[in-house]
Enquirer: 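Structure provided below as structure tokens; questions to follow.
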Amino acid sequence: METLSTPLVSLPIQANPGAPTVKNDNRNRLVLSLIDRCISLKQLKQVHAYMLRTGLFFDAYSASKLFTAGTLSPFLSLEYARKVFDEILEPNLYTWNTLIRAYSWSPEPSESVKIFLRMLCESPYFPNKFTFPFLIKAATKLSRLGVGQVFHGLVVKSSFGDDVFILNSLIHFYASCGDLDFAYRVFVRIDEKDVVSWNSMISGYVQGGCFDKALELFREMEAENVKSNAVTMVGVLSACTKMKDLEFGRWICSYIEQNGIKMDLTLSNAMLDMYVKCGSVEDAKKLFDKMEEKDIVSWTTMIDGYAKLGEYDVAKSFLDAVPRQETATWNALISAYDQNGKPQEALAIFHQLQLSKNAKPDELTFVSTLSSCAQLGAMDVGEWIHANIKKQRMNLNCHLTTSLIDMYSKCGNLEKALDVFHSVERRDVFVWSSMIAGLAMHGRGRAAIDLFFRMHEAKVKPNAVTFTNVLCACSHSGLVEEGRMFFNQMEPVYGVVPGVKHYACMVDILGRAGLLEEAVEFIEKIPITPSASVWGALLGACKIHENVELAEQACSRLLELEPENDGALVLLSNIYAKTGKWDNVSELRKRMRVSGLQKERGWSSMEVNGTLHKFLAADNSHPLSKEIYSKLDEIVAKLKSSGHVTNKSLLLQLVDEEDMKEQALNLHSEKLAIAFGLISTGPSQPIRIVKNLRVCGDCHTVAKLISKLYDKEILLRDRLNIAIDVASTIEYLHHHSQPPMVHGDLKPSKVLLDHDMIPHVGDFGLAKFMSDHLLGTAPGTQSSSIGIKGIVGYVA
DNA sequence: GTAGGGTTAG
């Protein structure tokens, strides 16, 4: 007889399809058992061919067996299974259900719904109790509330409203669509709740952020003597993790032991994660060492734990020890570096990953790496990644789109950011928001507002991030009326409750416009306790408008909330300096020295052909140092002969000798970087520089002059990241109290200020971030800063 | 005669 090694045959079908004369004999049973033993698609196809030749395929049961194997096997090919299905002349309900199920698992769950509709039209069958869980799963994956509701209605009409399997799927469906109330309504109406009903509701609450409710439900479950299982524990542990409640987490671990709940790999991993996220890497390590079975999640959790703690060497040793390196393990380290303000290290690991044979970068790698590129202004690497995404024909999903827009915007290339934005079909709220931020960053406040309305027309609902970006756009373009309008509309019209960031933005808008009294009145009316960032915004405005008295008040309120906020002290000292109160300046500086507050050292970085060059002030460590300094001399001479006078008042420090002041200014890291840029870039290449702190007024002016004198585009971004076109005098005035030097035909060199206006996700407190963002520092000084997290745009 | 629900990281 034929065996699996029999070559594939051509398919002249001999059997009469209409008459299933296949006997249930031994030979056929053997063939059917071969289906289960197939270990490759090729073997399955051989059985298929044999069945066609003998006519066995036209037996409904046998055909469905083959088809099911095609959809279930690890080597499953949905395309092949679909072909098999299409060959089955009269598929039975089981076969239809199997196809619906196959698609509900696939990346195209909408096919499930289409197949279901086809079944209703083409077949004599109605859905049974098995059909609905598959359909509801598809609706869940599609996140389409309406679709699931239709199925729910059908369930009730088809009298399956008591089936606990179906109702449990519905709980899961409603919860994952965010409708926890409805999920709970389904839950309470189940007469005979089983453990899965409870688990579905508990994990629904956890995923919806209602951790208290999840734990309450767990207690209720206990009170009703429903025995929990490992899945229950995963849900409850996950709630502890999110609440960072180590004590309760430990209690759950002992509960698991006492109640003899069987540990499985997922539960162990959930425990590991709880320990790591609640701050006890030691406990996690103990558990990790005891675990008999570990998978990639276990390893990744440990790497992530150590990396987030800043113990990078330990994290790396775990990475090296992973039995099978996968992309996720690399991603853990890359994203930890990225999010802890170590973008260079993130890129270094990325390069190692590229050299590694075991794994290749995936979407998540690119998202983190693009964020690091954005932080560093490393546009060459960013562009390389963009090209790679295209080359790999990787699906440009919303996460990647957002990251690309963010990267190009922050690297100063608004056009490319817009290209990406226009090239995609799918734009979620984060894609729109990042583009709004990009426009705002480049001083295009009106365009940012227009985009907001286009987003509204596209029926994408704005969220808190969108409003922060729109308000920032108003603030940076001096659009006071528009800012007021958006702020007043956000809750009543768009249902977004103003948060601390929005209040701070509003104070910033009013303050920058000189409406200091109104800003103070606004602060008094804020229904929540004003955060440090709100006072920071007021303080910033006081600096612009030289209101020393109010500045002192704002500063003391800020320091009550954040005694460690060195930025506030630096800003206040700048205000004193600007108004000539040198005694107060030295007193403040002394206070900072005593309390150990130190300024972060300023640096500027510049990327040339994918290599990053970093400069400190008066740096001479660069291999081309000699050439750089001679270029700098040349620049200084050219500037002088063109009539530029160094604005020494910008050096807000007590330096006595006039020429020392001038020299100190000329050695600023951004000037070194520009000099280096002039000798290392081709004639048409722009110079793109990123500064970690603020760019001083002199460097700002000089950058523009050099741009003209050398006919070179210069993009200079600092930690406050807004691009200002030379032409936009008004916007300039909002940032600097003295008017810019206006040159008739100056090339549009841009100065980017206001880094990271987009709210960040992650462990850095938002308030802290916002106060950093809004405080900034005065031109000429370099304030210390707190770690900046680069990516953005979407909530984890 | 075959089948269905809930879980961990990034």
Side-chain angles (χ1 to χ4, degrees), chain A residues 24 29 32 35-36 59-69 71-72 92-102 104-105 127-137 140 160 163-173 175-176 183 186-187 190 193-207 228-239 241 263-274 276-277 284 294-305 307-308 326-336 338-339 362-365 367-368 399 762 796:
Chain A
N24 196 8
R29 264 203 294 277
L32 294 187
I35 291 176
D36 295 328
D59 168 55
Y61 174 73
S62 308
S64 68
K65 253 318 248 194
L66 178 79
F67 167 62
T68 308
T71 65
L72 286 180
N92 59 19
L93 184 53
Y94 171 85
T95 320
W96 281 104
N97 282 347
T98 306
L99 189 62
I100 292 170
R101 173 180 59 178
S104 77
W105 293 344
N128 64 3
K129 62 174 181 170
F130 294 108
T131 320
F132 285 109
F134 304 141
L135 289 173
I136 294 164
K137 190 182 202 83
T140 309
F160 291 121
D163 188 296
V164 73
F165 279 79
I166 296 175
L167 293 172
N168 291 345
S169 328
L170 281 170
I171 295 173
H172 180 230
F173 161 73
S176 75
V186 175
F187 173 76
I190 303 178
K193 299 180 187 70
D194 64 7
V195 64
V196 178
S197 319
W198 289 90
N199 291 350
S200 306
M201 199 60 232
I202 289 173
S203 47
Y205 274 140
V206 175
Q207 266 142 36
S228 348
N229 63 14
V231 178
T232 325
M233 292 301 111
V234 169
V236 177
L237 273 173
S238 169
T241 309
M263 291 287 289
D264 60 19
L265 184 58
T266 307
L267 182 52
S268 304
N269 285 341
M271 265 189 190
L272 275 186
D273 192 43
M274 184 278 292
V276 163
K277 298 259 166 65
K294 293 167 186 140
D295 69 354
I296 197 72
V297 176
S298 333
W299 284 93
T300 309
T301 306
M302 295 308 293
I303 293 171
D304 190 49
K308 288 229 169 81
E326 285 183 20
T327 310
T329 46
W330 290 86
N331 289 349
L333 199 55
I334 294 174
S335 79
D338 170 59
Q339 292 174 18
D362 66 4
E363 177 206 310
L364 213 90
T365 324
V367 167
S368 296
H399 286 195

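Each chain gets a letter, A, B and so on, in the order the sequences are listed, and its residues count up from 1.
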Enquirer: Could you please name the option among dG10(B), dA9(B), dT2(B) that lies closest to any side-chain atom of Tyr94(A)?
Expert: dT2(B)
Enquirer: For Trp96(A), check ring-ring contact (aromatic ring centres under 6.0 Å, His included) against everything at least two apart and list the hits.
Expert: Phe85(A)
Enquirer: Can you tell me how far C1' of dG1(B) sits from CG of Asp59(A), to the nearest Å?
Expert: 11 Å
Enquirer: Can you tell me if Ser197(A) and Asp194(A) form a side-chain donor-acceptor pair at under 3.5 Å?
Expert: yes
Enquirer: Looking at dT7(B), I'd like to know if its phosphate oxygens (OP1 or OP2) sit under 4.0 Å from a side-chain N or O belonging to His172(A).
Expert: yes
Enquirer: Look at Lys277(A) and dG10(B) and indicate whether a side-chain polar atom (N or O) is within less than 4.0 Å of OP1 or OP2.
Expert: yes
Enquirer: Applying salt bridge (Lys or Arg N to Asp or Glu O under 4.0 Å), name anything that partners Lys137(A), two or more places apart in sequence or on another chain.
Expert: none
Enquirer: Between atom CZ in Phe160(A) and atom P in dA3(B), what is the gap in whole Å?
Expert: 17 Å
Enquirer: Under 3.5 Å, is there any donor-acceptor pair linking the side chain of Asp163(A) to the base of dG4(B)?
Expert: yes
Enquirer: Base, sugar-phosphate, or nothing for Gln207(A), non-hydrogen atoms under 4.0 angstrom?
Expert: sugar-phosphate
Enquirer: Considering every strand and a 4.0 Å limit on heavy-atom distances, what is the contact class for Thr68(A): base, sugar-phosphate, or nothing?
Expert: nothing
Enquirer: Any luck finding a side-chain donor-acceptor pair between Thr131(A) and Asn128(A) under 3.5 Å?
Expert: yes
Enquirer: For a quick check of understanding: with a heavy-atom distance under 4.0 Å over all strands, which category does Ser64(A) fall into, base, sugar-phosphate or nothing?
Expert: base
Enquirer: What nucleic acid atoms does Lys137(A) come within less than 4.0 Å of, heavy atoms only: base, sugar-phosphate, or nothing?
Expert: sugar-phosphate
Enquirer: To the side chain of Phe130(A), which of dT8(B), dA9(B), dG4(B) is closest?
Expert: dG4(B)
